[in-house]
Amino acid sequence: MFEKMLVLGIESSCDETGVALVDASGTGVPRLLSHALFSQIAMHQPFGGVVPELASRDHIRRVLPLTQEVMQSAQRTLADVDVVAYTRGPGLAGALLVGAGVACSLAAALGKPAMGVHHLEGHLLSPFLSADPPEFPFVALLVSGGHTQLMRVDSVGSYELLGETIDDAAGEAFDKSAKLMGMPYPGGPHLAKLALEGDGAAFKLPRPLLHSGNLDFSFAGLKTAVLTQAKKLGDDLESRKADLAASTQAAIVDVLVKKTLAALSQTALKRLVVAGGVGANALLRSQLNAACRQRGIRVHYPELAFCTDNGAMIAMAAGMRLQAGLVDLQGLQGSYTFDVKPRWNLSEFQPRPVPMG
Ligand code: KG4
Ligand code: ZN
């Protein structure tokens with residue numbers, strides 16, 4: 001337990017610069033003091049996707065002003081910060097390097113330790129930022145633009161991979177299908193909005209690996225089926241777009257819900273955490289809520305603002321890791337060399353507890 005532990009968190013793995021300050025003093029769930037976010041979506045939109053070099057340059061522009069904003073709104077100064085945490089991976093190498101470089105420089109200037117955080121651990125623990133945080137153990141459905149995974153989470157730092165996508169992520173399936181239908185990047189929320197006006201049963205689209213007997217996913221075939229259907233519709237695509245959007249969403253959500261229920265019965269756990277950008281999807285939420293209510297399972301979501309990338313989840317993951325005694329702070333002190341891990345498997349990231357000094 002730390003008498004005083006203020007953690008500054010910096011997220012820069014993709015197209016959002018996020019900074020936050022969390023108070024991890026004592027033994028309670030760390031408390032979010034303030035956070036600030038700048039989304040680069042508008043900048044990348046004309047290119048139909050994230051341009052890595054532009055992302056890195058924009059993170060450089062945003063990260064220090066956002067840090068100042070966070071310190072001001074929390075009415076603290078940088079001298080109050082005890083640990084500077086940053087996203088070490090996975091993500092875009094250049095974008096990660098900006099956050100890591102700034103975090104380590106700040107930490108060196110302040111004489112405080114710098115600590116690398118796993119981006120997916122941030123997503124996994126993001127529901128702890130809400131007023132009604134989950135209790136361990138739980139099944140986690142992690143659905144973002146880059147990942148689709150089912151995990152068994154027994155405690156902070158104890159993550160067992162139950163299943164994952166063998167090709168595209170769920171967010172990618174949303175985004176690529178939306179792009180095929182002419183929607184702007186990132187297409188997920190646009191597709192979901194248009195789907196409200198359509199019939200989810202209008203087109204029969206594949207549910208890949210639904211009956212595979214394991215907890216893996218595959219979404220690449222769905223995108224091809226959507227393309228084939230769009231071509232078949234030809235000039236009629238415009239008038240049937242809402243139906244095609246609704247049918248695409250129904251197929252993705254159907255697979256996510258069925259596999260999640262299978263993970264819950266396989267583990268016999270009665271608690272589910274849904275995290276990552278696709279966790280904001282209203283159909284996914286309503287179907288999971290209904291199915292879990294029937295089975296006596298509690299479902300936890302991060303607040304909508306913390307579903308997509310943000311600094312609060314990084315500061316929170318660092319704070320929870322510190323509280324759990326999983327971080328060798330003395331070992332980190334004075335060591336400001338850093339690397340980033342653009343590819344990084346969370347189930348391999350399970351350092352053992354270290355003695356507290
Ligand atoms: O977690 P996130 O910000 O990024 C990664 O770490 O990858 O998730 C972004 C993804 C995008 O693919 C976006 O289209 C999707 O989340 N997304 C949605 C919705 N809101 C965001 N997909 C479906 N429905 C939504 N409402
Ligand atoms: Zn993310």
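Just follow the structure's listing: the first ligand is 1, and inside any ligand the first atom is 1. Just so you know, these numbers come straight off a predicted model, no measurement behind them.
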Discussion item. Please list all pairs meeting ring pair (Phe, Tyr, Trp, His ring centres under 6.0 Å) that have one or both residues in residues 120-152, counting only residues at least two apart or in different chains.
Written reply: His119-His123, Phe128-Phe136, Phe136-Phe138
Response to the item:
Contacts satisfying ring pair (Phe, Tyr, Trp, His ring centres under 6.0 Å) that involve residues 15-39 (not counting sequence neighbours) are His35-Phe306
Response to the item:
In chain-and-number order, ligand 1 lies under 4.0 Å from a heavy atom of each of His119, His123, Ser144, Gly145, Gly146, Gly171, Phe174, Asp175, Pro186, Gly188, Pro189, Ala192, Gly276, Gly277, Val278, Ala280, Asn281, Cys307, Thr308, Asp309
Worksheet item: Yes or no on side chain to side chain contact (heavy atoms under 4.5 Å, CB included) for Arg295 and Leu261, after CA distance, side-chain angles and deciding distance?
Response: CA-CA 9 Å; Arg295 292 165 176 77; Leu261 294 176; 3.8 Å; yes
Worksheet entry | 2.8 Å shell around the Zn ion (ligand 2), exclusive bound, protein N/O/S atoms | 3
Fill in: Any donor-acceptor N or O pair under 3.5 Å, side chains Ser130, Glu303
no
Practice prompt. Looking only at non-hydrogen atoms, find the nearest pair between Gly48 and Lys179 and report the distance.
Written response: O-NZ, 3.4 Å
Fill in: Gly279 versus Val274, closest heavy-atom pair with distance
CA-CG1, 4.0 Å
Discussion item. Between Arg62 and Asp58, does the salt bridge (charged side-chain N to carboxylate O under 4.0 Å, His left out) criterion hold? Intermediate values first, please.
Written reply: CA-CA 6 Å; Arg62 309 291 171 191; Asp58 206 59; 3.1 Å; yes
Worksheet item: Do the numbers put Arg152 on top of the ring of Tyr159, so that NZ or CZ is under 6.0 Å from the six-membered ring centre and no more than 45° off the axis?
Response: no
Worksheet item: Going through the distances and angles, do Asn281 and Gln249 end up as a side-chain hydrogen bond (donor to acceptor under 3.5 Å, both in side chains)?
Response: CA-CA 9 Å; Asn281 185 270; Gln249 175 176 252; 2.8 Å; yes
